[in-house]
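All remarks here apply to the structure that follows.
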Amino acid sequence: MTTAEKIDRKTALDLYRVMRTIRSFEERSMQLFGENKIWGTIHSYAGEEAIAAGVCANLRDDDWITSTHRGHGHCIAKGADLGRMFAELLGRETGYCRGRGGSMHIADTAKGNLGANGIVGGGIPIATGAALTAKQLGTDQVAVSFFGDGAANQGTFHESLNLAAIWKLPAVYVCENNQYAESLPVKRAFAVDDIAKRADGYGMPGVHVDGRDVRAVYAAAGEAVARARTGRGPTLVVADSYRHEGHYYGDPRKYQSKEEIDGWRRQFDPLADARTWILADRLASDADLDTVDQNIATEIDRAVAWAEEAPLASPIKLPDDVYASH
Amino acid sequence: MTTAEKIDRKTALDLYRVMRTIRSFEERSMQLFGENKIWGTIHSYAGEEAIAAGVCANLRDDDWITSTHRGHGHCIAKGADLGRMFAELLGRETGYCRGRGGSMHIADTAKGNLGANGIVGGGIPIATGAALTAKQLGTDQVAVSFFGDGAANQGTFHESLNLAAIWKLPAVYVCENNQYAESLPVKRAFAVDDIAKRADGYGMPGVHVDGRDVRAVYAAAGEAVARARTGRGPTLVVADSYRHEGHYYGDPRKYQSKEEIDGWRRQFDPLADARTWILADRLASDADLDTVDQNIATEIDRAVAWAEEAPLASPIKLPDDVYASH
Amino acid sequence: MQATEARAPAATRELFYNEALNEALRLEMERDQRVIVIGEDIAEHGGAFQVTAGLLDRFGPTRIRQTPISEIGIVGAAVGAALTGLRPVVELMYVDFAGLAMDQIVNQAAQNRFMFGGQARVPMVLRTQGGSGRGNAAQHSKSLEAWFAHVAGLKLVMPSTPADAKGLLASSIRDDDPVIFLEHKLLYRTKGAVPEGEHLVPLGKAEVKREGRDLTIVTWSREVLFALDASAQLASDGIEAEVVDVRTLVPLDKDLILASVRKTHRVLVVHEAIRRGGYGAEVAAMITEEAFDDLDAPPRRLAGLETPIPYAQHLEKSVVPQVDDIVRVAKELVV
Amino acid sequence: MQATEARAPAATRELFYNEALNEALRLEMERDQRVIVIGEDIAEHGGAFQVTAGLLDRFGPTRIRQTPISEIGIVGAAVGAALTGLRPVVELMYVDFAGLAMDQIVNQAAQNRFMFGGQARVPMVLRTQGGSGRGNAAQHSKSLEAWFAHVAGLKLVMPSTPADAKGLLASSIRDDDPVIFLEHKLLYRTKGAVPEGEHLVPLGKAEVKREGRDLTIVTWSREVLFALDASAQLASDGIEAEVVDVRTLVPLDKDLILASVRKTHRVLVVHEAIRRGGYGAEVAAMITEEAFDDLDAPPRRLAGLETPIPYAQHLEKSVVPQVDDIVRVAKELVV
Ligand SMILES: Cc1ncc(C[n+]2csc(CCOP(=O)(O)OP(=O)(O)O)c2C)c(N)n1
Ligand SMILES: Cc1ncc(C[n+]2csc(CCOP(=O)(O)OP(=O)(O)O)c2C)c(N)n1
Ligand SMILES: [Mg+2]
Ligand SMILES: [Mg+2]
């Protein structure tokens, strides 16, 4: 485990703000889904906010990420506009993908988010390719791939990490171990305790970090990003975490007991934890944090209202949107 | 490295016989290819005989193997009939696959050889499935997958080893590290020195063995097979080796220097080595071994003659051979 | 394989399509110890579409073998298991993931028997589901039957009703070749009468789901339901459409399709997959080749637009054939 | 994109098909630093079919990026590279290996632009080769164009001559969408006149490779050569076949094909891939839909038998259309 470092007020508040935004975004999406305004599927990132926040705080706008089906958090942490995100979920013309993508496919290429991905493990090679671009063009950009514990058993994980290692690419592989891949608990999916051990097999450093603690994630990712940016190659970061909700909205969670859920949820709440240490370290007051919370609540309301006012995505000429050149 | 154990006369002679048979088979196939009697592609196993021989000496007829594009050696070591092998290469009706398969696709299911495979890494999941059958039906059969260093960078390797580890399957994964995947040297394909290290990431033992020394292979595989047979789960065995010939018949080997080839070929000749230690350990005399060699030479001649006498494979009703039931 | 359709009809009950599949799995697993189910999320959760619900309790975790997310590893393990004595049924959660496992499906499962000169058989079923209609967007909504149809060595089944689902799944499990069994996500919660007990529908037999004299609609999977709805509307305009449910795309029941076309002289082929290179092209080309002189008009195809499936509900509907589209094109064809 | 065909004709030389491809790669790499080649065995060895021979020396190992055997990783890396500013050309050694990489080809490369509402483009080329004729058997001899044609978001090119190979590869590299570029293993050592310097053949344009009035043979890739040979034989029997080389399967040049059919009234579609679900079905169905009344006979298809490709030379020939087969079927059609 990488230990957390002391953090200044600005960073602490930034991290807190991102985490709170993600949590509030997820709460509102769930609500909208419950109201039948969003359809398809959504996967809540609640409980895992520290990972996206801690990692992306180390990134520039021109660094790249690839994200997952559980992608709202990564998108927000990389700087997305909430209104355009809601608009996407609501199938509006103003959505990031003009209603073509939905929750599982939001990209925000202007901010370096190359996209969520409905294919488990599908983003890992893509981030690897982005890192190749940086290396090839001699920039100091970094590519980060977020993926779950489940994705670590996909062939794409294996092939990509090896490519990045032999080519010393500026890539960071962030495995969000939220204990489950749908209904399959990690202990039934791995015969090895620490997923980070797999890094040894590729000849890259593997770091295991407490994904609840945004300071620890921030520090570990900071090291990995610096390593990548300075040409020292890729890193695998495994962050332990827990998803508060079911795998998807409506998951009956037959594979978990109520005790387990309640216990873990209490134990794994990076947002509550952040509040605690921020106060304990006197980096901000209760009132400061309440203000952050309120501002975010207002921002979310505005974003939803903006999205709901927008016209539905236009179905005209969909076939013309398939190719860039005709 | 697993150290070689003392070996008795019968075992030594058996191992020698199998290795010599493989070598002679390869020599003759190359010759037939040069005479335009075999077409397509052939990949010589010369130089790697100790691996197939050492591993398969631990197997029963009802144990399974999956093999590779470089599959003649595995096939012979698992007990195949040389005549039917040559007949296959010569496109005869009496060939193992009635001329449909050729060198890259010889199977001998009666002896548990589920088949060579033209897809690098393609046999690894299949062996895993065979091991699942053994476990499911409660037999004590074992499944061995042979594959190259190149295949160890395929997704199938990763996914299969993980499945076998979590399910404790009676499988043995034998990685034949002959230093190249076509023109790519292992040092450019891996950023890790020892491929066997990858086993750690799956929670299974990884053993690195000198693939030149049939005694070492026999011993290491013996342990792995015993482990599998007694329900203790899978093992990854990595055997270092060198292919004497090019990747395929006709390979110009632009990626290797003459010095390298000559040096390694001298250094890596499991058959010459075997002769040396068999004599040194007084397990057999020069004359004994010469007799073995001569018998094999005769057997090969007979096998080729038998194959050449057979009719060409019949093209009639090929479409009826696609399905088992209509 | 023997059809039971000739025997005295069994008692039936109304079941959902996914319940019918579940029943087929249960019965075949009871009948034959070698049948196992292997896939993601199929144990406690009962499968993404509840097709394996309750089977874990009945058969335990070794026969209901839940896997990590490793599509090619899983399909390949099924190939190996099938070669060595089991009869695995793989659940691939979405057909869209087939691109991860296509090598084992094609180069290994489909080709094994031929390539090795008939030494082995590969009795496995790959069950999966496709189609749009649930807002799952481009990576979870495709219809890929055309890929499988174009592979020598696979059989290909796409049932549209609960009874066919049960009967065809049982037949597929008993078949000695690799069978791709494609369900549709919007069929799972459709209901229909399903025979109790053993019920086998033979592979390779299409069915006339509605008789008519004015045109033949050849279709499969969810579009069969759309075609039946459309036919009802057409009937009220005096147009009698015959609806042929292909059911098994490979082997294709040419005789039944051609007999219908020879009766109606007009044919509309409908499917949800994109039109370009869809299996509808094969069906249309086959009909033209075999029944050119019986045709009063060229076979028409109505199929998905050439786009990935978009997310938003109204967009999604706009790219795949709906009931109204069938009515419209059928009228054009008959006029 | 602009065709140079209208300009003054450039000087030509006789080149092999693989040399022509090599030249296109070299020129495009010189022209645009963002073009890189990525694949197995492409460096010192020069590619399994010598298409990248000499490029390592010229451009070095970072632009001629030789990879381990990791098909899905490689194709996925190309997708990521294309999204972020490079223009990668992937060499997939055999199209038969596409089953390992199909997910990245389809769910990622092809769908990216649409799925994300037009935010990005994926300017990559996947070069690979298929076809039988070298005794490589079932896992190294397939023709899989029908899979790619059935994917929304891919373009699909299959040149038959060295000049087209050069001109279409250059155009594909300059195209902003993912292009699947399918070569044929038996074309590499065929020769033809190839324009020097910049030579672009536009995507989406078929070409009449031989004019005729009695029937149209629509075909692509290696079968174009067979069709030309067959046409010569037919001519000596007084039958004048027009040979249309489709060149780009997606987008398909319907106009040119239909114009030919409207002239000859009879059409034979020939391809090497297995017939069931082959792209020939699409071409035949399209022709029937668009030119029914111009047809004197149903479009015929001549294609591969529905088997994996066998190893032995005489078996291999027996399952894919040969020159004699074309002659025979063409005669049946014209009588
Ligand atoms: C290739 C593929 N296989 C299966 C699925 C279905 N699926 C969606 S999410 C998921 C679990 C992913 O687990 P993990 O990677 O741990 O991410 P988490 O959901 O826990 O964040 C599965 C199996 C999929 N989308 N893609
Ligand atoms: C999936 C796949 N990719 C590429 C190839 C082409 N190919 C055939 S053998 C080979 C090298 C294999 O290397 P390795 O696994 O080390 O086996 P070796 O040939 O050294 O025995 C390659 C790249 C193939 N047959 N299958
Ligand atoms: Mg997880
Ligand atoms: Mg090797």
Side-chain angles (χ1 to χ4, degrees), chain B residues 38-42 69 88-93 95 97-106 116-122 148-157 181-186 188-190 246-248 251-256 312-323, chain D residues 39-48 50 52-54 56-57 61 65-74 76 93-94 96-101 103-104 132-142 185 274-276 304-320:
Chain B
I38 295 178
W39 87 318
T41 325
I42 56 173
H69 57 286
E88 185 57 33
L89 301 185
L90 296 168
R92 309 290 157 147
E93 190 67 26
C97 312
R98 303 174 52 217
R100 283 123 175 84
S103 167
M104 266 192 295
H105 306 292
I106 306 188
N117 212 309
I119 301 298
V120 171
D149 46 282
N153 284 326
Q154 282 284 41
T156 50
F157 167 90
E182 301 214 347
S183 65
L184 189 70
V186 282
R188 274 161 59 194
F190 294 85
H247 171 64
Y248 58 96
D251 182 355
R253 305 180 87 164
K254 285 181 264 180
Y255 51 89
Q256 291 171 318
L312 283 178
S314 164
I316 308 299
K317 295 198 186 157
L318 278 172
D320 292 345
D321 294 342
V322 179
Y323 296 101
Chain D
E40 296 161 14
D41 233 24
I42 60 170
E44 291 83 355
H45 189 63
Q50 298 299 299
T52 58
L56 175 69
D57 289 342
R65 215 168 249 278
Q66 174 153 326
T67 70
I69 310 170
S70 302
E71 278 79 8
I72 194 166
I74 297 165
M93 205 183 284
Y94 284 77
D96 307 69
F97 310 159
L100 292 162
D103 182 68
Q104 288 289 329
S132 63
R134 292 211 333 170
N136 292 326
Q139 295 176 338
H140 289 73
S141 305
K142 279 190 280 295
K185 53 175 72 57
I274 68 166
R275 173 186 168 98
R276 185 177 67 222
L305 294 190
E306 273 122 24
T307 75
I309 302 290
Y311 156 71
Q313 189 157 20
H314 62 294
L315 300 184
E316 200 180 17
K317 283 218 171 108
S318 77
V319 301
V320 298

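Chain identifiers are assigned alphabetically (A, B, ...) following the order of the sequence lines, protein sequences preceding nucleic acid strands; residue numbering begins at 1 within each chain. Since the model is a prediction, treat every value here as computed from it, not as a measurement. Values reported hereafter were calculated over all heavy atoms of this structure, with side chains retained and with hydrogens, waters and symmetry mates removed.
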Pairwise distance CG(Leu315(D)) to CG(Leu318(B)) - rounded to 0.5 angstrom = 5.5 Å

For residues Pro68(D) and Ala189(B), report the shortest heavy-atom separation together with the two atoms involved.
-> CG-O, 4.0 Å

Between Val186(B), Val322(B), Asn153(B), the one whose heavy-atom pairs under 4.5 Å with chain D are most numerous = Asn153(B)

Tell me, side chain or backbone of Phe190(B) under 4.5 Å from chain D's heavy atoms, or both, or neither?
-> neither

What's the verdict on side-chain contact (heavy atoms from CB on, under 4.5 Å) for His247(B) and Asp41(D), showing C-alpha distance, side-chain angles and the deciding distance?
-> CA-CA 11 Å; His247(B) 171 64; Asp41(D) 233 24; 5.8 Å; no

Close side-chain approach of His45(D) to Asp251(B), heavy-atom, < 4.5 Å = yes

Atom group of Tyr248(B) that falls short of 4.5 Å from chain D, counting heavy atoms | side chain

Could you grab the distance from atom OH of Tyr311(D) to atom CE of Met104(B), nearest 0.5 Å is fine?
-> 10.0 Å

Could you look at Ile42(D) and say if it's the side chain, the backbone, both or neither that has a heavy atom under 4.5 Å from chain B?
-> neither

Taking the side chain as every heavy atom from C-beta outward, state whether Gln66(D) and Tyr255(B) have any atom pair closer than 4.5 Å.
-> no

Identify the two heavy atoms, one from Ala137(D) and one from Gly101(B), that lie closest to each other, and give their separation to 0.1 Å.
-> CB-O, 3.5 Å

Heavy-atom distances under 4.5 Å only: say whether Ser318(D) touches chain B with side chain, backbone, both or neither.
-> side chain

Enter the distance from Asn136(D):CG to Trp39(B):CH2 here, rounded to the nearest 0.5 Å.
-> 8.0 Å

Heavy-atom pairs under 4.5 Å with chain B are the metric here; pick the option from Ser141(D), Gly46(D), Ser70(D) that has the most.
-> Ser70(D)

Looking only at heavy atoms, the pair that brings Ile69(D) and Ala181(B) closest together is CD1-CB, 3.8 Å

Distance col, row Thr41(B):OG1 vs Arg134(D):CZ, nearest 0.5 angstrom, shows 6.0 Å

For Glu306(D), is it the side chain, the backbone, both or neither that has a heavy atom under 4.5 Å from a heavy atom of chain B?
-> backbone

By a 4.5 Å heavy-atom criterion (distance strictly below it), what part of Thr67(D) contacts chain B: side chain, backbone, both, or neither?
-> backbone

Residue Glu71(D) versus chain B: region with a heavy atom under 4.5 Å = both

Does Tyr94(D) use its side chain to pair, donor to acceptor, with the backbone of Ile119(B) at less than 3.5 Å?
-> no

For Ala312(D) and Gly91(B), work out which heavy atoms get closest and say how close.
-> CB-CA, 4.0 Å

Which portion of Asp149(B) sits near chain D, non-hydrogen atoms under 4.5 angstrom | neither

Give, as side chain, backbone, both or neither, the part of Arg98(B) having an atom under 4.5 angstrom from any heavy atom of chain D.
-> backbone

Measure from the side-chain N and O atoms of His314(D) to the backbone N and O of Ala313(B), and report whether any donor-acceptor pair falls under 3.5 Å.
-> yes

Does any N or O in the side chain of Gln139(D) come within less than 3.5 Å of the main-chain N or O of Gly118(B), such that one atom is a donor and the other an acceptor?
-> yes

Nearest atoms (heavy-atom pairs only) where Arg188(B) meets Ala43(D) = NH2-CB, 4.4 Å

Tightest non-hydrogen contact, residues Pro319(B) and Leu305(D), listed as CG-CD1, 3.9 Å

